[in-house]
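Have a look at the structure below, then the notes.
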Amino acid sequence: MKSILEANEAAALRKALINGELPDERGRFGPFGGRYVPETLVPAFERLEEGVKKHLHSPEFQAEFQQELREWVGRPTALSRAPRLSERWGTEVWLKREDLAHTGAHKINNAIGQALLAKRLGAERVIAETGAGQHGVASAAACARVGLPCSVYMGVVDIERQAPNVDRMHRLGAEVLPVETGDKTLRAAINEAMREWVSDPAGIYYLLGSAVGAHPYPYLVRELQSVIGTEARQQMLDLAGSLPDVAFACVGGGSNAIGLFYALLADDVELIGVEAGGTGDGLGQNAATLATGTAGVLQGCYSLILQNDDGQVQETHSISAGLDYSGVGPEHALLQAVGRVTYVTASDDEALEALEELCETEGILTALETAHAYAAAKRWSQEHPGKRILICNSGRGDKDMPTLTKYAARTRTHAAA
Amino acid sequence: MKSILEANEAAALRKALINGELPDERGRFGPFGGRYVPETLVPAFERLEEGVKKHLHSPEFQAEFQQELREWVGRPTALSRAPRLSERWGTEVWLKREDLAHTGAHKINNAIGQALLAKRLGAERVIAETGAGQHGVASAAACARVGLPCSVYMGVVDIERQAPNVDRMHRLGAEVLPVETGDKTLRAAINEAMREWVSDPAGIYYLLGSAVGAHPYPYLVRELQSVIGTEARQQMLDLAGSLPDVAFACVGGGSNAIGLFYALLADDVELIGVEAGGTGDGLGQNAATLATGTAGVLQGCYSLILQNDDGQVQETHSISAGLDYSGVGPEHALLQAVGRVTYVTASDDEALEALEELCETEGILTALETAHAYAAAKRWSQEHPGKRILICNSGRGDKDMPTLTKYAARTRTHAAA
Amino acid sequence: MQPHESISAAIEAAKAEGRTGLVPFFTAGYPEPAEFLNTLRAIAEVGDVVEIGVPFSDPMADGMTIQRSSFVAIQKGVTLKWIFDQLESIKGEIKIPIVFMSYLNPLLAFGFEALAQRALDTGVCGFIVPDLPFEESGEIRHALEQKGIGLIQLVTPATPAERLKLLARESRGFLYAVTITGITGGDSGLPADLAGYLDSVSEVSTLPVCAGFGIRSAEDIVNVGKHAAGAIVGSALVEVLEQGADPAIFLRQLR
Amino acid sequence: MQPHESISAAIEAAKAEGRTGLVPFFTAGYPEPAEFLNTLRAIAEVGDVVEIGVPFSDPMADGMTIQRSSFVAIQKGVTLKWIFDQLESIKGEIKIPIVFMSYLNPLLAFGFEALAQRALDTGVCGFIVPDLPFEESGEIRHALEQKGIGLIQLVTPATPAERLKLLARESRGFLYAVTITGITGGDSGLPADLAGYLDSVSEVSTLPVCAGFGIRSAEDIVNVGKHAAGAIVGSALVEVLEQGADPAIFLRQLR
Ligand SMILES: Cc1ncc(COP(=O)(O)O)c(C=O)c1O
Ligand SMILES: Cc1ncc(COP(=O)(O)O)c(C=O)c1O
């Protein structure tokens with residue numbers, strides 16, 4: 001299985017990507033993607049794929065989904081100008097406000113879409129994994145909304161650093177199942193969810209939270225999240241009068257990023273995904289999968305992963321639980337391979353500083369995950385003054401309070417400064 | 001000063017209210033309202049009143065305010081149907097989703113409006129009080145957005161029970177000043193803010209958080225919050241095809257309630273405000289000002305207050321910090337006196353149960369304040385089956401986690417039940 | 001002589017003696033209700049007018065000292081009615097005019113008519129109501145005036161000139177010149193431009209002007225006395241009472 | 001005879017003896033890498049085919065026992081290359097066919113061509129890849145087949161009839177019939193409808209069918225043996241090794 005493309009192949013795949021022709025029938029984005037799952041789950045995946053084909057773009061499902069997005073999630077989310085941040089950066093910044101979506105992040109777009117699908121497919125209960133807890137909260141809320149029981153797997157490391165979200169899941173009626181195995185974070189939680197699913201492939205719907213995993217998840221999640229970019233694109237035209245020069249999104253599994261980028265692929269807009277640079281470049285010090293990973297199969301799909309020479313997946317580090325993942329969605333792997341999207345990193349420290357700067361200048365407390373996008377955008381704007389920048393403000397930072405209070409304010413200057 | 005109206009007087013005032021003719025030039029809603037402030041603040045109030053007259057309805061201010069509401073606050077907030085709750089209650093429930101506004105409650109409508117005003121009036125810094133912390137967070141965010149320093153007074157009792165919001169205020173660059181005096185809750189925080197204001201009436205802008213206090217605050221806050229009802233009214237017509245039979249809102253100081261009700265005063269819609277019934281009917285066991293209070297002057301205005309025979313204001317109790325206040329906005333006192341709005345109470349226990357029920361049925365974690373409105377609406381719907389109900393979902397419950405985790409789940413049934 | 005005129009007369013009399021009129025303030029029943037009358041008697045020996053604070057649950061114009069005294073007094077059962085009853089019990093004994101300092105709500109709860117009558121009956125000549133601006137004072141002023149009781153107006157350094165004139169004209173007993181923009185009990189000293197401010201207030205006032213807020217020492221009184229007829233000493237006196245010291249001794253060294 | 005044929009032959013041979021083919025599974029290098037070859041030798045004395053687990057960081061089809069053994073082995077330095085090296089060091093000594101159980105990623109990292117070659121060189125006759133459904137297996141199957149190495153397919157109670165036929169046809173060595181819907185290491189017993197399920201699998205398969213997952217006791221093997229040619233014993237054996245007990249003794253009482 002290869003991961004490096006010939007020039008002509010890359011050009012063809014780039015075109016196919018932009019034309020919306022990927023993934024192909026086998027769930028491939030060029031070499032990436034596919035479906036690597038235990039035999040027990042093969043029929044379940046086939047049913048899911050059938051279900052997606054049948055319902056996802058059907059008028060009935062779309063009517064229901066769009067209504068929930070509008071009336072329950074609160075879409076369209078706002079597009080905010082950021083005048084004081086723009087002034088500081090010497091550029092023009094616009095924010096797509098996914099933090100204003102119900103439960104506080106873009107995750108809900110996917111969660112409610114899949115919950116509606118689960119209901120149509122006759123699932124008896126829903127399981128989900130979560131890292132930052134945002135997808136867990138979103139799943140709990142979406143399942144309550146459609147009336148399905150929900151169990152959420154969450155690593156004990158994440159349970160600690162995202163405590164507010166654990167309480168919220170409980171309140172929303174979900175069962176939170178602590179995962180003590182593996183790296184005790186998102187990756188371990190996905191493994192546990194898969195194990196559970198194997199035990200009842202027919203009764204369980206697995207509500208995966210990012211654009212990762214086996215086909216059709218990367219496709220399904222992208223379709224459900226692409227509302228971000230579709231809205232933002234139109235809002236930029238309406239409010240700013242033109243598309244941005246560049247768009248930034250943080251990349252954990254890659255769902256908010258693909259959600260934003262997908263609608264902009266055909267446009268003359270530079271696209272930059274931002275991974276967690278953690279504390280350094282060494283293996284285990286970051287979660288910079290696209291920047292430093294190699295091709296492999298993890299949790300159902302062929303993509304880039306952080307692994308050693310023996311193919312053992314490595315533990316990662318990021319201050320943000322939602323980016324702390326050794327894999328990445330296969331579509332991003334291809335977007336990088338064909339050169340349509342650039343992926344960079346921002347460190348823990350840069351993210352913390354960016355979070356503070358946004359608080360001070362615009363009164364928006366963003367998620368630590370999202371803060372990585374700001375950090376990279378700030379760096380970029382210093383090299384490209386006067387440009388128009390769009391940033392996906394993927395979620396709010398309330399959940400990060402336990403982590404933030406651990407770190408002293410780094411750049412505390414007064415709000416009025 | 002009287003508080004009981006003759007029938008013809010009541011009829012005339014009711015008409016004046018509905019026609020938007022109140023408050024009068026002296027800041028009176030019939031007998032209620034006015035401006036009872038230390039002489040030092042009189043010029044500051046006069047400047048404020050002038051400023052409100054000059055700017056509030058000016059095209060420039062309105063353009064700026066509406067843009068901030070749309071692009072930064074995320075308005076219009078959604079109107080959600082609540083199918084599973086409706087089924088349980090045997091009625092048709094619609095929710096006005098102020099919890100989706102930036103920072104998580106309706107408070108931001110007022111905060112950003114006043115922060116813009118403070119800027120125009122040349123204030124050097126902003127002070128605010130807070131009970132639940134929502135107004136403090138909203139003020140901190142709004143001040144950061146406009147670039148003014150912000151200090152928030154908060155009672156130490158509230159600091160404890162709304163800890164998440166304290167952290168958020170800090171993050172947003174505000175100074176949180178613990179109030180150890182008086183009842184150590186909202187009322188004491190207002191007193192402290194007033195004391196601070198007296199020390200620098202020209203440089204400070206006092207950003208009051210509810211439709212209470214001396215003229216022009218009750219008017220100013222109502223005008224800024226009336227966007228809730230204006231939107232909800234139109235959304236009901238668009239989505240439900242008609243206005244609701246009845247609308248509910250919780251009442252602390254009364255800002256979300258007046259915000260919702262104001263646009264519906266002239267309509268054939270029953271309006272019900274819900275106060276905190278606390279643990280019982282005794283003085284000090286609740287915060288049911290309209291239901292059980294008597295007329296008096298507290299913190300700048302003549303309205304109903306909870307007081308003893310000697311005119312000493314009484315401590316209150318509510319599980320929700322935002323309703324835990326001995327006074328209430330003067331417009332509500334009049335709306336009750338003229339019979340246009342009915343005010344009822346919901347107890348701590350009822351609020352907790354209602355909060356859980358909404359979580360389970362609709363996947364919405366509401367604020368404890370807001371939960372009181374649900375509890376009363378549920379009771380009402382049992383007596384009036386099949387009606388169309390609108391509830392102001394004034395805020396989200398994330399901030400209430402410390403309180404909620406103290407109380408065992410009362411009615412825990414499974415989300416799928 | 002109307003009751004409120006006896007207030008101005010007392011201040012004028014001090015002035016005639018070449019003294020600055022001394023107006024001690026203390027919270028009724030603080031620190032012990034049982035000591036109220038003795039404290040009052042002791043203070044009345046030295047002061048020219050005495051200002052009795054009616055405790056209130058929400059003293060928003062007051063600093064920590066007076067807040068504290070207010071809460072304690074309320075807790076120990078002090079009410080407006082109790083204060084009147086106490087005064088009635090020694091009727092005629094206090095030879096200097098008595099002024100009540102009260103927030104509006106306790107007065108409202110008592111009822112304005114009843115208030116004026118009881119004030120008249122117990123020798124209370126005037127009221128200072130710190131949360132009642134002139135514009136809202138019509139009803140109570142009317143009720144008090146019926147009995148010749150004065151409603152004392154306050155002016156502050158923030159008061160514009162036009163308004164100063166209005167308040168000076170409408171005050172009774174004396175005109176209360178708040179020396180600082182701030183609450184009671186501050187100890188950051190008197191403001192630098194105090195003289196000019198007090199002169200401008202005295203200029204427009206036909207009534208004697210008494211300065212208050214932040215006056216703590218004999219030196220303060222000397223400074224104030226050059227530009228105002230009287231001086232009000234509040235938090236400093238309350239602190240003396242709090243410590244169980246003799247108020248008369250404290251006041252005498254101010255006089 | 002191709003390597004993969006030796007696997008089927010071994011199971012058939014047991015059957016011919018009237019026995020159920022015994023396929024012990026253990027994680028390479030667990031609990032101690034130094035014991036790997038001794039353990040292998042002991043197991044090879046009793047088993048008909050031996051299944052060696054290549055440890056992987058993300059064993060998503062495995063229960064707690066095999067997860068634990070995997071993590072420990074990785075921590076102690078066990079890699080695919082190390083396992084091959086160990087086997088090479090005793091080349092020819094192990095008389096029964098060796099099968100590797102490995103998740104796909106370590107194989108991918110090793111490279112499929114190199115993998116097939118080293119397998120051939122070290123007596124590894126087949127591979128079981130629990131996260132590789134048939135549809136994704138083209139490349140590795142092709143590489144293995146070049147060397148006569150078998151890719152063993154798994155079927156489960158959830159596998160539809162059509163697919164069962166496909167997998168039976170495409171498997172090499174034996175057909176792995178997963179007895180339960182679930183992960184390895186369950187101890188809730190074998191399912192009630194096991195007989196019917198295994199019969200239906202055996203019916204479509206020309207290869208011997210080996211049942212695996214949840215087989216822990218001699219009794220289980222008797223039950224399974226009535227409807228399948230072989231039985232795979234995994235977690236139960238790993239637990240024996242974990243306790244430091246003799247695997248041969250444990251296996252002998254199963255046979
Ligand atoms: C706010 C927020 N942003 C981003 C992410 C990263 O996920 P993804 O890359 O799928 O958008 C998360 C994950 O939890 C998140 O909570
Ligand atoms: C969510 C929410 N609802 C309601 C209230 C009560 O305030 P008001 O009556 O002014 O709407 C508060 C006060 O903090 C609040 O946070």
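Letters A, B, ... mirror the listed sequences (proteins, then strands); counts begin at 1.
Proximity to chain D is absent for every atom of A:F45, based on heavy atoms less than 4.5 angstrom apart. In this structure, chain D has heavy atoms under 4.5 Å from both the backbone and the side chain of A:V313. Contact annotation for A:E196: neither backbone nor side-chain heavy atoms come within less than 4.5 Å of a heavy atom of chain D. Contacts of D:P157 with chain A are absent, with no heavy-atom separation under 4.5 Å from either backbone or side chain. Looking at D:R68, there are no atoms closer than 4.5 Å to chain A (heavy atoms on both sides), in backbone or side chain. For A:D310, the parts lying under 4.5 angstrom from a heavy atom of chain D are both the backbone and the side chain. Interface remark: A:Q307 contributes side-chain atoms only to the contact with chain D (heavy atom separation under 4.5 Å). Heavy atoms of A:L298 lying under 4.5 Å from chain D belong exclusively to its side chain. Looking at A:P38, both its backbone and its side chain come within 4.5 Å of chain D, counting heavy atoms on both sides.
Around CG of A:D281, the count of heavy atoms belonging to other residues, nucleotides or ligands within 6.0 Å does not exceed 12. More than 12 heavy atoms of other residues, nucleotides or ligands sit less than 6.0 Å from atom CD of D:E88. Counting non-hydrogen atoms of neighbouring residues, nucleotides and ligands closer than 6.0 angstrom, the NZ atom of A:K54 reaches no more than 12 such neighbours. At most 12 heavy atoms of other shown residues, nucleotides or ligands fall within 6.0 angstrom of atom CD in A:E25. Applying the 6.0 Å contact sphere to CD of D:E135 captures more than 12 heavy atoms from other residues, nucleotides or ligands.
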Query - Chi angles and distances behind the side chain to side chain contact (heavy atoms under 4.5 Å, CB included) call for A:V42, D:T159 - result: CA-CA 8 Å; A:V42 169; D:T159 308; over 6 Å; no
Report task. Given side chain to side chain contact (heavy atoms under 4.5 Å, CB included), test A:I305 with D:N105 step by step and report yes or no. Result -> CA-CA 10 Å; A:I305 58 184; D:N105 202 52; 3.5 Å; yes
Report task. Begin with the C-alpha distance, continue with both residues' side-chain angles, and end with the deciding distance and a verdict on side chain to side chain contact (heavy atoms under 4.5 Å, CB included) for A:R195 and D:M64. Result -> CA-CA 11 Å; A:R195 290 183 186 116; D:M64 284 311 298; over 6 Å; no
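Salt bridge status for A:R187 with D:D58: present, with a side-chain N to carboxylate O gap under 4.0 Å.
A side-chain donor-acceptor contact under 3.5 Å links D:E136 to the backbone of A:R35.
Nearest heavy atom pair, residue D:P133 against residue A:Y36, reads CD-CA, 3.8 Å. Closest approach of A:T40 and D:A158 over heavy atoms only: O-CB, 4.0 Å. Scanning all heavy atoms of the two residues, the minimum distance from A:G296 to D:L108 falls at CA-CD2, 3.9 Å. Nearest approach of D:F71 to A:G182, heavy atoms of both residues: CZ-CA, 3.8 Å.
Taking chain A as the reference chain and counting heavy-atom pairs below 4.5 Å, the highest number among D:L80, D:I74, D:L132 is found for D:I74. When each of D:I180, D:L167, D:V155 is checked for heavy-atom pairs under 4.5 Å with chain A, D:L167 comes out on top.
Looking only at side-chain heavy atoms (C-beta outward), D:T181 and A:S199 stay at 4.5 Å or farther from each other. Taking 4.5 Å as the limit, every side-chain heavy atom of D:L104 sits out of range of all side-chain heavy atoms of A:Y302.
To the nearest 0.5 angstrom, D:D131 atom CG is 12.0 Å from A:E39 atom CD. Atom CD of D:Q75 is separated from atom CD of A:Q312 by 11.0 Å, given to the nearest 0.5 angstrom. Here the CG atom belonging to A:N308 is positioned 8.0 Å from the OG atom belonging to D:S57, to the nearest 0.5 angstrom. Note that CE of D:M60 is 6.5 Å distant from CD of A:Q299, once rounded to the nearest 0.5 Å.
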